[in-house]
Amino acid sequence: MLFENYALNTVALKNRIVMPPMTRSRAGAGDVATDMMAEYYAQRASAGLIISEGTQISQQGQGYAWTPGMYTESQIAGWKKVTDAVHQAGGKIFAQLWHVGRVSHTVLQPGNAAPVSSSAIQAEGVKVFVDVKGCGPESGVGEMLQHAMPRALTLEEIPGIVNDYAQAARNAIAAGFDGIELHGANGYLINQFIDSQANLRDDEYGGSLQNRLRFMKEVVTAVSDAIGKDRVGIRLAPLTTLMGSRDDTPEATYLAAASVLNALGIAYIHIAEADWEDAPVMPAAFKEALRLIFRGTLIYSGKYNKARAEEALSKGWADLIGFGRPFIANPDLPYRLQNDLPLNQPVKEQFFGGGKAGYIDYPRAK
């Protein structure tokens, strides 16, 4: 098994460093992973685990230009180049499976249809990146547009989306991934069902907390049945309010979610901590409660540095720590952290779209 019970204080930080999912918007025609993407991930294969950028399970699940998919044969073949490169470099890689729900635009949807969500609620001020002029990823030129007004999914449609997740998981294994992570955080579709202010349904998928957790449970179950629960993780964001998703009682909600996930026996929960300026601090008591409830591996990400990572590991809150932006500019990040070397600073203007610059040209430590 990829994950095991770590003996805290005995495993070096360098072996516990995760490269978390980060959208880079450099997929090629047909939303296919490219040779350049294979080089990017292989450069970072010294991470204890790589989790790929968000990868849409269907065209309906896409919310941004130039993000890769996991639903066509050409997309599977493209990702196979990536996983082969990572494995040849000695790394392990999970695919993050993504359905953005309402955080999309009609330009990206099949037949220019409205995006879908748990409820027909538009999150004001939430924008998506769209290639309106069709310039392509190498140009890096697009527009940020307010996401389109979504429609609520019907009861009859939900099983089809659950099946899309399961099929995408099968496709990911066919593409050579070691497992998959479900994106249940940051205001995307699974999150839109969980959080009370994003879900106003009055059927079996809304209202009570157990009903709001039903979609997550069904997706996790279907994916586990498809590829094995030991290959399944999920990312959750208990305190974030990204993309307009808010819950009235987040700690109670996400401890209940952890209980459901523990019963399903999946490999890990990946907690995305709020990482913007003046963001709420996740209470230590919540982390300790999460550890008591969920018996699998716990990963934390969100503005971690070496000192914060070592504290989280030593206190038993986390088994693995994700370093996001530092991995963009430092392909050899584990080595740099282990040896207390200075870090390259990422160029924010080159995060999304473009070519090699700001993607595969960051230098390693001498």
Side-chain angles (χ1 to χ4, degrees), residues 1-8 10-22 24 26-27 33-55 68 70 76-97 169 171-181 227-228 230-233 235 267-268 270 296-301 304 306 309-310 313 318-341 343-344 346 356 359-366:
M1 289 181 60
L2 176 59
F3 297 101
E4 58 187 22
N5 292 323
Y6 291 90
L8 297 179
T10 64
V11 178
L13 173 62
K14 68 183 180 69
N15 297 321
R16 295 181 174 220
I17 294 174
V18 171
M19 178 178 162
M22 292 178 287
R24 303 304 309 274
R26 281 172 168 83
T34 64
D35 291 345
M36 186 171 66
M37 289 171 62
E39 182 174 351
Y40 166 76
Y41 282 108
Q43 286 178 349
R44 291 153 178 81
S46 63
L49 172 66
I50 293 173
I51 306 169
S52 82
E53 62 208 271
T55 303
M70 192 72 78
I76 295 170
W79 276 120
K80 187 66 166 62
K81 295 179 182 179
V82 174
T83 61
D84 283 348
V86 170
H87 291 148
Q88 288 168 11
K92 294 184 181 297
I93 183 168
F94 272 38
Q96 190 190 62
L97 301 183
N171 293 347
I173 299 304
F177 283 95
D178 298 293
I180 67 96
E181 175 180 287
I227 65 171
D230 59 322
R231 290 179 164 183
V232 176
R235 195 176 206 203
Y268 72 80
H270 182 182
T297 295
L298 287 172
I299 305 172
Y300 279 82
S301 298
Y304 274 87
K306 184 175 180 178
E310 290 177 336
L313 294 170
D319 301 300
L320 301 166
I321 299 292
F323 290 79
R325 293 178 186 89
F327 249 124
I328 289 177
N330 299 275
D332 56 348
L333 182 65
Y335 176 79
R336 288 176 184 262
L337 292 176
Q338 179 188 8
N339 293 282
D340 295 313
L341 299 177
L343 302 183
N344 301 321
K356 296 180 179 181
Y359 192 57
I360 58 174
D361 63 343
Y362 285 105
R364 293 177 176 271
K366 299 298 184 183

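Since we're looking at a predicted model, the values are computed, not measured.
With sequence neighbours left out, the side-chain contact (heavy atoms from CB on, under 4.5 Å) criterion links N339 to Y335, L341.
Side-chain contact between Q43 and R364: present, with at least one pair of heavy atoms (C-beta onward) separated by less than 4.5 Å. At a threshold of 4.5 Å between non-hydrogen side-chain atoms, the residues M36 and I360 count as touching. M19 has its side chain within reach of Y41: a pair of non-hydrogen atoms, C-beta onward, lies under 4.5 Å apart. Considering only heavy atoms from C-beta on, F327 stays 4.5 Å or farther from P346 through its side chain. Side chains of D35 and K81 form a contact here, defined as non-hydrogen atoms less than 4.5 Å apart. Looking only at side-chain heavy atoms (C-beta outward), E39 and Y359 stay at 4.5 Å or farther from each other. Between N344 and P363 there is a side-chain heavy-atom pair separated by less than 4.5 Å. Within the 4.5 Å cutoff, side-chain heavy atoms of I93 are placed close to those of H87.
Between the side chain of K306 and the backbone N or O of L337, at least one donor-acceptor pair lies under 3.5 Å. At distances below 3.5 Å, not a single donor-acceptor pair connects side-chain atoms of R336 with backbone N or O atoms of N330. Using a distance-only test at 3.5 Å, with no hydrogens or angles considered, no donor-acceptor pair links the side chain of E181 to the main chain of F94. Between the side chain of R44 and the main chain of V86, no donor-acceptor pair closer than 3.5 Å is present. Checking side-chain atoms of D230 against main-chain N and O of A267 turns up no donor-acceptor pair under 3.5 Å. Between the side chain of T55 and the backbone N or O of E53 there is at least one donor-acceptor pair closer than 3.5 Å. Without hydrogens or angle criteria, R231 side chain to A169 main chain gives no donor-acceptor distance under 3.5 Å.
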#### Entry: Check against side chain to side chain contact (heavy atoms under 4.5 Å, CB included), T34 and R26
CA-CA 8 Å; T34 64; R26 281 172 168 83; 5.7 Å; no
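When every heavy atom of P21 is checked against every heavy atom of H270, the shortest pair comes out as CD-CE1, 3.9 Å. Among all heavy-atom pairs drawn from V18 and I51, the shortest one is CG1-CD1, 3.9 Å. Scanning both residues, G322 and Y304, for their nearest heavy atoms gives O-CB, 4.2 Å. Nearest heavy-atom pair across R16 and A318 is NH1-O, 4.0 Å. Across all non-hydrogen atoms, the minimal contact from D178 to I173 is C-CD1, 4.5 Å. Among all heavy-atom pairs drawn from Q96 and S52, the shortest one is N-OG, 3.1 Å.
With rounding to the nearest 0.5 angstrom, the CG atom of L320 is 9.0 Å from the CG atom of L298. Annotation: the span from D84 atom CG to W79 atom CH2 amounts to 13.0 Å, rounded to 0.5 Å. The OG1 atom of T83 lies 11.0 Å from the CD1 atom of I76; values are rounded to the nearest 0.5 Å. Interatomic distance, L333 CG to I328 CD1, rounded to the nearest 0.5 Å: 11.5 Å.
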